[in-house]
Amino acid sequence: MTQLPPINSLDLNRFKRIVFFTGAGISAESGIPTYRGKGGFWTHYNYEDYACQRAFDRDPEKVWDFHEERRRFVSECRPALGHRIIAEIQRHKPETRVITQNIDGMHQKAESVDVFELHGSLWRVRCPREDTREEIFDIPLKSRHCRCGAYLRPDIVWFEDPLDDAILKVSISAVLKCDLLITVGTSATVFPAAEIPLLALQRGVTSIEINLEPTEISRFYTYTMIGSAGKNLQSLLGQSSFPILHQD
Ligand code: APR
């Protein structure tokens, strides 16, 4: 049996193409609630009332009120240590890619680039009639309607929506090429997003999962670090002779 090096001796400098795959757990440390588990979003709200096309068709104002409130809440949150460490690693290793299921824009706020947002963004709106998209940060929106008169909708992949083909393609390409996968703060229960890290795991690349608790797929990772996103990312970075970020 191959002897694995202890996790604290893993040097990120050894890897060229790192992929981070992130979920709500990394943003929990910015104060943004996760979706499942204690206090999770979907334990308070029924997605069928707020987060699917059927709900929007039935009552767009109600769905927009819900999303405007999320935009307001998230706008007051700051990137957490984990977001900032990932951005720092990207600055040192520009081939690093970030694939996120989060819609909060926290990776970008931390100055990460090339963030592949599998589930869209709270900060983008889409006109379904013209098939146009626009990033808008106004809170509240100046108008919930496009110039053409149609209701804008949040450019989010709601329940029952397909993923965006182009984002899916670049994400798959990144995991097929990576030599290190680091998954942070996802329950890995929402498909097809959860299949993306599996593509790297099947290739046998070095992989690390960081989560407060083990997940259904923990056993497929080379290492699982149980605990908080920020703290564990910091200990990884600490082995890699990058400047170490401090929590404020
Ligand atoms: N550090 C590390 N992990 C954490 C932390 C933390 N501080 N806090 C929570 N976690 C872990 C939880 O243990 C859980 O496994 O983050 C995970 C969050 O899981 P979910 O709430 O299911 O979030 P996510 O996996 O991102 O959900 C996927 O579901 O409804 C949707 O579209 C939504 O993108 C979302 C998708």
Side-chain angles (χ1 to χ4, degrees), residues 2 4-5 7 10-27 34-36 82-108 110-121 155-157 161-212 214-226 229 232-233 236-237 239-240 242:
T2 332
L4 292 174
I7 185 70
L10 193 80
D11 184 351
L12 297 191
N13 289 309
R14 273 179 36 215
F15 301 95
K16 265 189 84 163
R17 286 181 295 273
I18 304 175
V19 165
F20 286 94
F21 182 80
T22 67
I26 192 167
S27 292
T34 59
Y35 292 97
R36 296 169 186 80
H83 301 110
R84 294 178 5 241
I85 286 175
I86 291 174
E88 178 72 14
I89 292 173
Q90 235 184 356
R91 272 191 285 279
H92 282 78
K93 302 180 92 57
E95 287 185 64
T96 302
R97 296 287 175 269
V98 181
I99 305 174
T100 189
Q101 298 164 92
N102 300 342
I103 58 172
D104 54 32
M106 283 294 145
H107 284 296
Q108 292 91 332
E111 296 184 10
S112 264
V113 290
D114 285 336
V115 180
F116 305 150
E117 295 174 307
L118 287 171
H119 291 163
S121 170
D155 192 24
I156 291 174
V157 178
D161 286 347
L163 297 191
D164 179 281
D165 272 345
I167 299 291
L168 195 54
K169 218 166 143 190
V170 286
S171 303
I172 289 174
S173 159
V175 286
L176 289 179
K177 283 195 292 221
C178 72
D179 54 4
L180 174 64
L181 170 76
I182 305 181
T183 296
V184 189
T186 175
S187 59
T189 51
V190 174
F191 290 85
E195 272 166 20
I196 290 176
L198 295 179
L199 297 173
L201 300 180
Q202 282 159 1
R203 290 173 48 235
V205 302
T206 305
S207 54
I208 302 169
E209 179 188 51
I210 300 175
N211 200 304
L212 289 184
T215 67
E216 287 291 315
I217 59 168
S218 294
R219 65 186 184 281
F220 300 120
Y221 282 86
T222 323
Y223 304 98
T224 295
M225 301 173 87
I226 298 294
N232 280 300
L233 281 167
L236 273 184
L237 190 70
Q239 306 304 318
S240 306
F242 294 150

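No experiment lies behind these values; they were computed from the predicted model shown. Along the sequence shown, residues carry numbers from 1.
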Minimum heavy-atom separation for [X] to [Y], with atom names?
X	Y	result
A193	F21	O-CZ, 3.5 Å
A200	L181	CB-CD2, 4.0 Å
L233	G82	CD1-CA, 3.7 Å
P192	L163	CG-CD1, 3.6 Å
V184	F20	CG2-CD2, 4.4 Å
L176	R203	O-CZ, 3.0 Å

Check the pair I85, L236 against side-chain contact (heavy atoms from CB on, under 4.5 Å), reporting the backbone distance first and the verdict last. CA-CA 10 Å; I85 286 175; L236 273 184; over 6 Å; no

Can you tell if the side chain of [X] reaches within under 4.5 Å of the side chain of [Y], non-hydrogen atoms only?
X	Y	answer
E88	R84	no
M106	I26	no
C178	V205	yes
V170	I99	no
E117	Q108	yes
R91	E111	yes

Identified side-chain hydrogen bond (donor to acceptor under 3.5 Å, both in side chains) partner of E209 from the options T222, N232, T215: T215

What's the spacing between [X] [atom1] and [Y] [atom2] if we round to 0.5 Å?
X	Y	atom1	atom2	result
L198	I217	CG	CD1	5.0 Å
T22	Q101	OG1	CD	7.5 Å
I208	M225	CD1	CE	6.5 Å
T100	L118	OG1	CG	7.5 Å
R97	S173	CZ	OG	9.0 Å
S121	N102	OG	CG	11.0 Å

For T96, is there any backbone N or O sitting under 3.5 Å from a side-chain donor or acceptor partner on Q90?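 Yes, because the side chain of Q90 sits within donor-acceptor range (under 3.5 Å) of the backbone of T96.
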
With no hydrogens and no angle check, is any side-chain donor or acceptor of D11 less than 3.5 Å from a backbone partner on N13?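 The answer is yes, because a donor-acceptor pair under 3.5 Å joins these two groups.
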
Y221 and side chain to side chain contact (heavy atoms under 4.5 Å, CB included): which single residue from T183, T206, N211, I210 fits?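 Only match with Y221 under side chain to side chain contact (heavy atoms under 4.5 Å, CB included): T183.
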
